[in-house]
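Please read the structure below before turning to the comments.
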Amino acid sequence: MFGEDATEENGRGPARPDAEGERASVSRRDFAAVAGGIAAAATAGCLGLGGDSDAGGDGSAGGDDAGVSQAVEDRLAAMDREAKVWQVLQTDLTTITEGGVGSRGEIGGDLLDPLVGDLGLGSVLTGGGSAPVPNTPEGWAETTNRIQRIAGTGEGATPVVYGTDAVHGHNNLAAATIYPHNLGLGATWNPGLARQLREETATALRATGVHWNFDPVCDLARDHRWGRYYECFGEDPLLVSAMAAASVEGLQGGDGPPGAAGVAATAKHFVGYSRPRGGLDRNPAQISWRRLRSQHLPAFQAAVDAGAEAVMLNSGSVNGVPSHASATAVREVLREEMGFEGVVISDWDDAQRLRSMHGVGETLQDAVGLLLEAGVDLFMVGSRTDLLAEALHGLLEDGEIEEARLDASIRRILRLKERLGLFESATVDPDAAADAVGGNRELARRAAAQSLTLLEHGGTLPFEGDEDLLVTGPGADSAAMALGGWTVGWQGVSGDRQTPETTTVLEGAEAAMDGAVDHVSWDLDGAGDPAAVRNAAADADAVVAVLGEGPYAEGQGDDQRATLAEDQAELVRTAADTDTPVVGIVLAGRPIGIEAIRHHLDELLMAYLPGSAGGTAIADALVGDVVPSGRLPVTWPRHGGQAPVHYNALPGGGSDDPSYAFAAGESYASFQNDIPQLETATLEAPSLEETVELSVDVTNDGSVAADRVVVAFGEREYAPGPEQLPRQSVVGFDRVRLEPGEQRTVTVPCSIGALATVGGDVTGRGERTVAPGAYDLRVGDWTTTLTVE
């Protein structure tokens, strides 16, 4: 996996959503834990590149079986070979429904009793679009209960662990409240908020019989052309680490096991998934060992340190080796050096795709053997679990793997079930499910509000409320655009699928404004009436153009242009030609090229994929009940051809010159900060886990109360060499609320590990250290110097 030919990449709640009492910033304890995770990830992998792994040489597949209970050992001892084979398999719900394999329908069919009851299937998942029928809280609870009853309730019975991708709320359930996707959450720079959202998600999941969540995504946002870009929290390792760790804690209920209240969190996709060549999903990635260690591993280490019960592997290849078949990645790095002891799961059909996509493994049996050798514990299979079972039996019968190898994985799977409380009770109360799902819209509203990022501010906003508005554009009355992908369906709401209750931007504006709100429809396919827009715009005090993309997920969401559709650009130009101020609102899962219309916009508000309450939050911002406070968690390229681009690239001869820089974000307020001050200006041989406190006086010079995200960057113009340093790195951040005229001293713990680089010349095989010398720590336009001796 880590070949030497790799190259460096460049590239829930009061009505006021932003009230002071709701701020949840990064505590010093949380920050120190994250900083330590960055340091640990930095030192992972010092065994070298691509060598043979001795981890799991006894058949253990790596990891530590210490702490395995007698209950787990008793259940394992009671299993025959057949039961062991099926315990390491997971199938999609549609396999055991009345409609048959791959078809949605009520639970039942010819395979239900044999797979779950007779053979002892280890796990079931609801993938995108495969929700139980009926897709109601009660329907989910009754479906999962039936599975558990078939699995058995007697002494020694092995319950099924049920998983799903609940990546922005219980999002496969039509009755759920849908929260903002991760990219928008990243723009809040508020890990405490991420923790709250995951706590609510865990409550909803457990009430419907789901125990395992394939979340959080720990991948870095690297290429906005990629269709899963919005699933990432951002492009900075420290920000993503903090959000990932908080998400794990929220899902699992704190520092200990999830128990009967939390769900198992899954850090995904280990590792390097988000950097496919050309932004095309699962295209081969080339990422140097140095860049993997310094940029891509830290968020996974933070999730592991926060107690994540599972890790899902990248189903793409990195440096010529499919990640899910890499013993170096899984056994050496994840298990031995990062200290992960939980369940390693493949992504969807990855044993089959090892052959069909990557061309590795002459037979399916060979492919399954490679994944086992790498360290996979549980195989996620879309439908044909029989083929995987046959391959596993073949490996055992041919002596290619020992039964002890399966035993090691089964211990971890059973330990997970035990830690989830499933040995005590695996069923739920269907009558109580609805009460746990679909509430807390105020939390959803607050999350969407904190994510709103104001990129252009010409004074048109906020409205007084009595203006006459034209609201137009494809996103004006679209719930699907606000919800995004992974909502009821894999690629989002479409066709005859139920749509979660959602306030659109048009509905929000109609509720918030006292003046008239006119609407001219404009579809995503370009169907619209420019003349109607022109006439309505001329009669309005302002135009609100809601632009962006339809919902998508991987594959279908890959977009080489990643640019605003020409018909939407023409819509903006038509409205602007009337000299009526135009407020642009973007509903999208990535930055989209807007250079062609940027000069026509008096205001530009990036709303990301804000979820069920997005329209209300946006309307709150339009009338000033919310002051936008989001800051971009990514760099906004001018066009698709500029990708990949990120702020912490290595210095070089070119200039990225993006439309908007990383951490950009305006406000209706005006903020100033003084020169930051360090608690300690000189550190002698600091450890990478160390933090230093930086204090800065921040003043709200504006006339409205507002939140300010304070971001501290570390910079060094010249590295001692020969290894380069990134142009800049986030070393700390906090979020503070200030009244008009208020000044406050904000203390930000800054990570020393964020300043480190990996030695070893071109191979990147060296230790990660902070080179002696002077570093500028910057907040806003002011810097202070930290000297490392």
Donor-acceptor under 3.5 Å ([X] side chain, [Y] main chain):
| X | Y | result |
| --- | --- | --- |
| Tyr647 | Val730 | yes |
| Ser729 | Gly714 | no |
| Thr177 | Gly439 | yes |
| Glu231 | His181 | no |
| Gln491 | Ala553 | yes |
| Arg638 | Asp657 | yes |
| Arg222 | Ser274 | no |
| Asp701 | Ser670 | no |
| Asp558 | Gly227 | yes |
| Glu467 | Gly465 | yes |

Please list all pairs meeting ring pair (Phe, Tyr, Trp, His ring centres under 6.0 Å) that have one or both residues in residues 550-604, counting only residues at least two apart or in different chains.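 Passing the test, one end in residues 550-604: Tyr230-Tyr552.
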
Taking only residues at least two apart or on different chains, which pairs with a member in residues 494-518 satisfy ring pair (Phe, Tyr, Trp, His ring centres under 6.0 Å)?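 As it turns out, there is no ring pair (Phe, Tyr, Trp, His ring centres under 6.0 Å) pair with a partner in residues 494-518 once direct neighbours are skipped.
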
Listed once per pair and sorted, the salt bridge (charged side-chain N to carboxylate O under 4.0 Å, His left out) pairs that draw on residues 560-582, sequence neighbours left out: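 Listed once each, the pairs are Glu566-Arg573, Glu570-Arg573.
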
Under the salt bridge (charged side-chain N to carboxylate O under 4.0 Å, His left out) rule, what pairs show up with a residue in residues 516-544, not counting sequence neighbours?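 Sorted pair list comes back empty.
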
Which pair of heavy atoms, one from [X] and one from [Y], lies closest together, and at what distance?
| X | Y | value |
| --- | --- | --- |
| Leu239 | Phe233 | CD2-O, 4.2 Å |
| Leu547 | Val572 | CD1-CG2, 3.8 Å |
| Asn171 | Asp165 | ND2-O, 2.9 Å |
| Arg735 | Thr188 | NH1-O, 2.7 Å |
| Val634 | Ala221 | CG1-CB, 3.7 Å |
| Ala706 | Ala669 | CB-CB, 3.8 Å |

Assess whether a salt bridge exists between [X] and [Y], defined as any Lys/Arg side-chain N lying under 4.0 Å from an Asp/Glu carboxylate O.
| X | Y | answer |
| --- | --- | --- |
| Asp559 | Arg225 | no |
| Asp620 | Arg445 | yes |
| Asp281 | Arg228 | no |

Rounded to the nearest 0.5 Å, how far apart are [atom1] of [X] and [atom2] of [Y]?
| X | Y | atom1 | atom2 | answer |
| --- | --- | --- | --- | --- |
| Asp236 | Ser241 | CG | OG | 8.0 Å |
| Gln295 | Arg275 | CD | CZ | 11.5 Å |
| Glu603 | Leu454 | CD | CG | 6.0 Å |
| Asn673 | Asp781 | CG | CG | 7.5 Å |
| His519 | Asp477 | NE2 | CG | 4.0 Å |
| Ile585 | Leu605 | CD1 | CG | 5.5 Å |

[Y] and [X], any side-chain heavy atoms less than 4.5 Å apart:
| X | Y | answer |
| --- | --- | --- |
| Asn182 | Val167 | no |
| Phe463 | Val544 | yes |
| Pro462 | Tyr668 | yes |
| Met481 | Glu549 | no |
| Arg198 | Asp215 | yes |
| Val704 | Ser667 | no |
| Gln556 | Trp490 | yes |
| Val623 | Met513 | yes |

Residues Thr580, Leu470; criterion side chain to side chain contact (heavy atoms under 4.5 Å, CB included); working and verdict: CA-CA 10 Å; Thr580 302; Leu470 167 63; over 6 Å; no

Applying the side chain to side chain contact (heavy atoms under 4.5 Å, CB included) test to Ser612, which of Glu501, His168, Arg441 qualifies?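 The option that passes is Arg441.
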
I'd like to know whether Leu455 forms a side chain to side chain contact (heavy atoms under 4.5 Å, CB included) with Trp636, so could you lay out the CA-CA distance, the side-chain angles of the two residues, the decisive distance to 0.1 Å, and finally the verdict. CA-CA 10 Å; Leu455 296 171; Trp636 191 303; 3.5 Å; yes

Would you please name every residue forming a side-chain hydrogen bond (donor to acceptor under 3.5 Å, both in side chains) with Thr616, sequence neighbours left out?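 None.
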
I'd like to know whether Gln568 forms a side-chain hydrogen bond (donor to acceptor under 3.5 Å, both in side chains) with Trp522, so could you lay out the CA-CA distance, the side-chain angles of the two residues, the decisive distance to 0.1 Å, and finally the verdict. CA-CA 9 Å; Gln568 295 186 50; Trp522 196 283; over 6 Å; no

Is it the case that the ring center of Trp189 lies less than 6.0 angstrom away from the ring center of Phe662?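 Under 6.0 Å, so yes.
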
Decide if atom CD of Glu742 counts as having more than 12 heavy atoms of other residues, nucleotides or ligands within a radius under 6.0 Å.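 Yes, because the 6.0 Å sphere around CD of Glu742 holds more than 12 heavy atoms from other groups.
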
Gln728 atom CD, neighbour heavy-atom count above 12 within 6.0 Å: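 Yes - once you tally the heavy atoms of other residues, nucleotides and ligands closer than 6.0 Å, there are more than 12.
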
Taking atom types as modelled and ignoring hydrogens, do the side chains of Glu595 and Ser659 form a donor-acceptor contact shorter than 3.5 angstrom?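 Note: Glu595 and Ser659 side chains meet the donor-acceptor criterion.
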
Would you sort out whether Asn135 and Leu173 count as a side chain to side chain contact (heavy atoms under 4.5 Å, CB included), showing the intermediate values? CA-CA 6 Å; Asn135 189 3; Leu173 174 56; 3.2 Å; yes

With side-chain hydrogen bond (donor to acceptor under 3.5 Å, both in side chains) as the criterion, how do Glu235 and Tyr229 come out once you've worked through the C-alpha distance, each side chain's angles and the decisive distance to 0.1 Å? CA-CA 10 Å; Glu235 70 185 37; Tyr229 191 84; 4.6 Å; no

Under the side chain to side chain contact (heavy atoms under 4.5 Å, CB included) rule, what do Val710 and Val736 come out as? Steps first, then yes or no, please. CA-CA 8 Å; Val710 178; Val736 62; 4.2 Å; yes

Applying ring-ring contact (aromatic ring centres under 6.0 Å, His included), name anything that partners Phe671, two or more places apart in sequence or on another chain.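 By the ring-ring contact (aromatic ring centres under 6.0 Å, His included) rule, Phe671 matches no residue at all.
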
